[in-house]
> 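Quick one: structure below, then a few questions.
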There are 2 protein chains.
Amino acid sequence: MKLSTRTRYGLRAILELATNQAKGPLQLKIIARNQDISLKYLEQLMATLKSAGLVRSLRGSKGGYILAKAANQIKLSDVFSALEGPSAITVECLDDNGYCVRTADCVTRQVWAQVQQAVMGVLESLTLQDLVDRAKEKGNLDYQI
Amino acid sequence: MKLSTRTRYGLRAILELATNQAKGPLQLKIIARNQDISLKYLEQLMATLKSAGLVRSLRGSKGGYILAKAANQIKLSDVFSALEGPSAITVECLDDNGYCVRTADCVTRQVWAQVQQAVMGVLESLTLQDLVDRAKEKGNLDYQI
DNA sequence: TAATATACTACTAATAAGGTAGGAATATAG
DNA sequence: CTATATTCCTACCTTATTAGTAGTATATTA
């Protein structure tokens with residue numbers, strides 16, 4: 001169960017937006033440099049976050065990205081789902097009841113459902129604002145190097 | 001975060017051993033048929049479980065596999081770790097402190113650590129015996145079709 | 001019009017997942 | 001002692017996914 005770079009990079013990127021919200025649109029160029037992510041790759045990740053309605057973009061000179069909602073309205077589960085897919089843990093039989101004849105009684109399926117719930121529980125309990133606050137506590141105001 | 005077939009098949013296979021513990025060694029041929037898993041692939045999964053000390057094997061005619069310990073002594077986290085790797089969620093910076101300069105203050109890393117804990121919490125709280133019991137409750141005595 | 005951003009789409013390289021295949025070693029039955 | 005059944009070992013292979021790269025189009029500002 002490897003966490004993809006998509007999700008890891010994407011979370012770091014949107015967290016930068018949350019951190020620098022006051023400063024107006026933030027350019028991907030900046031994020032890419034701060035976070036050591038390829039600009040071109042980052043563009044794709046942000047496109048995903050945009051179509052999930054989590055960020056908005058402004059084109060052209062002085063453009064960039066901003067959060068589409070307040071940081072305390074964006075749950076980590078939203079970010080995660082957008083980037084990683086709808087269910088935290090991909091097990092075919094969880095998403096498709098017809099996938100397997102044993103579905104109804106299958107105890108292993110139940111286990112994966114429990115695990116899934118546990119993961120989503122954590123991610124639903126945290127917002128971007130929580131992370132910004134945590135970072136501030138650490139004196140890590142900009143979250144940048 | 002896709003759960004590999006290794007882990008899914010592996011858990012189903014060792015659960016069959018737990019369910020049929022009383023009947024002596026169970027042959028992979030049987031498990032493969034019941035669980036619809038390729039015999040050759042299953043051989044590999046069982047080899048992994050064997051080297052993790054979770055099952056024992058008996059060669060030759062009338063041979064097969066048995067659990068290496070009582071079903072209530074085998075936690076799902078043991079099975080999972082053996083098959084999926086040591087940490088529930090693979091994020092390089094969790095396993096390698098030197099991986100990233102931001103490690104100490106990184107709030108996203110903290111999130112992944114929390115998620116990891118949540119997953120392991122579930123898997124550590126369950127044993128094979130628990131699953132056997134659950135299956136019995138459902139009247140699904142053999143866990144087979 | 002020049003410069004600066006995002007938007008869109010296609011391609012590519014590397015890695016991992018999910019097996020297959022063949023034969024060697026070992027145990028049991030007769 | 002031989003036939004059969006089973007695990008053991010190792011190598012290979014195919015497909016899908018990940019993680020990017022690249023190029024060009026479009027929009028905005030100054």
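The structure displayed is predicted, hence computed values, not measured ones. Chain identifiers are assigned alphabetically (A, B, ...) following the order of the sequence lines, protein sequences preceding nucleic acid strands; residue numbering begins at 1 within each chain.
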> By nearest heavy atom, map Arg59(B) and Leu39(A) onto DNA chain D; which one lands nearer the 5' end?
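Result of the comparison: Arg59(B).
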> Is Ser57(A) close enough to dA5(C) that one of its side-chain N or O atoms is under 4.0 Å from OP1 or OP2 there?
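False: Ser57(A) side-chain N/O out of range (4.0 Å or more) of dA5(C) OP1/OP2.
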> Can you check the Leu83(B) CG to dG18(C) P distance for me, whole Å?
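These atoms are roughly 12 Å apart.
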> Look at the side chain of Gln44(B) against the base of dT20(C) and say whether a donor-acceptor pair falls under 3.5 Å; ignore hydrogens and angles.
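A donor-acceptor contact between them is present.
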> Kindly say if Lys29(B) contacts the phosphate of dT6(D), meaning a side-chain N or O under 4.0 Å from OP1 or OP2.
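Answer yes for this pair, as a side-chain N or O of Lys29(B) is under 4.0 Å from OP1 or OP2.
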> Tell me whether Asp130(A) contacts the main-chain N or O of Thr127(A) through its side chain, where contact means a donor paired with an acceptor under 3.5 Å.
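At least one qualifying donor-acceptor pair exists.
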> dT6(C) C1' sits how many Å from Tyr41(A) OH, rounded?
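Tyr41(A) atom OH is separated from dT6(C) atom C1' by 19 Å.
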> Nearest whole Å is fine: how far is dT4(C) C1' from Leu26(A) CG?
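Result: 15 Å.
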> I'd like to know if Lys40(B) reaches the base of dG18(C) with its side chain, counting only an N/O donor and acceptor under 3.5 Å.
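In this structure, the two groups form no donor-acceptor pair.
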> Decide if atom NZ of Lys62(A) counts as having more than 12 heavy atoms of other residues, nucleotides or ligands within a radius under 6.0 Å.
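No, not enclosed.
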> Check this one for me: any side-chain N or O of Thr5(A) less than 4.0 Å away from OP1 or OP2 of dG20(D)?
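For dG20(D), OP1/OP2 do have a side-chain N/O of Thr5(A) under 4.0 Å.
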> Evaluate the ring planes of Tyr41(A) and Tyr9(A), with Trp represented by its six-membered ring, and classify them as parallel (under 30°), tilted (30 to 60°) or perpendicular (over 60°).
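Answer is perpendicular, since the angle exceeds 60°.
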> Can you find a side chain N or O atom of Tyr65(A) that sits less than 4.0 Å from OP1 or OP2 on dA7(C)?
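The answer is yes; a side-chain N or O of Tyr65(A) sits under 4.0 Å from OP1 or OP2.
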> So Lys2(A), base contact, sugar-phosphate only, or nothing? Heavy-atom distance under 4.0 Å.
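Nothing: the residue Lys2(A), judged by heavy atoms under 4.0 Å, touches no strand.
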> Rounding to an integer number of Å, can you tell me how far Arg56(B) CZ sits from dT7(D) C1'?
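Taking CZ of Arg56(B) and C1' of dT7(D), I get 15 Å after rounding.
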> Going by heavy atoms in the side chains, are Arg8(B) and Glu92(A) under 4.5 Å from each other?
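Contact flag for Arg8(B)/Glu92(A) side chains = yes.
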> Nearest 0.5 Å please: distance from the CG atom of Leu131(B) over to the CG atom of Leu128(B).
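Here the interatomic distance stands at 6.0 Å.
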> Rounded to whole angstrom units, what separation is found between the CZ atom of Arg6(B) and the P atom of dG19(C)?
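That distance rounds to 11 Å.
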> Quickly work out the Leu42(B) CG to dG18(C) P distance and round it to whole Å.
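Value for this atom pair: 15 Å.
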> Using atom CG of Leu45(A) as one end and atom P of dT18(D) as the other, report the distance to the nearest whole Å.
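The answer, rounded to whole Å, is 13 Å.
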> Starting at CE of Met46(B) and ending at C1' of dT6(D), how long is that distance when rounded to a whole Å?
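Rounding to the nearest Å, CE of Met46(B) and C1' of dT6(D) are 13 Å apart.
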> For Ser61(A) and Lys50(A), find the nucleotide of DNA chain C closest to each by heavy atoms; which residue's nucleotide sits nearer the 5' end?
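That would be Ser61(A).
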> Check the phosphate of dT20(C) against Ser38(B), side-chain N and O only, distance under 4.0 Å to OP1 or OP2. Yes or no?
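Yes, because at least one side-chain N or O of Ser38(B) sits under 4.0 Å from OP1 or OP2 of dT20(C).
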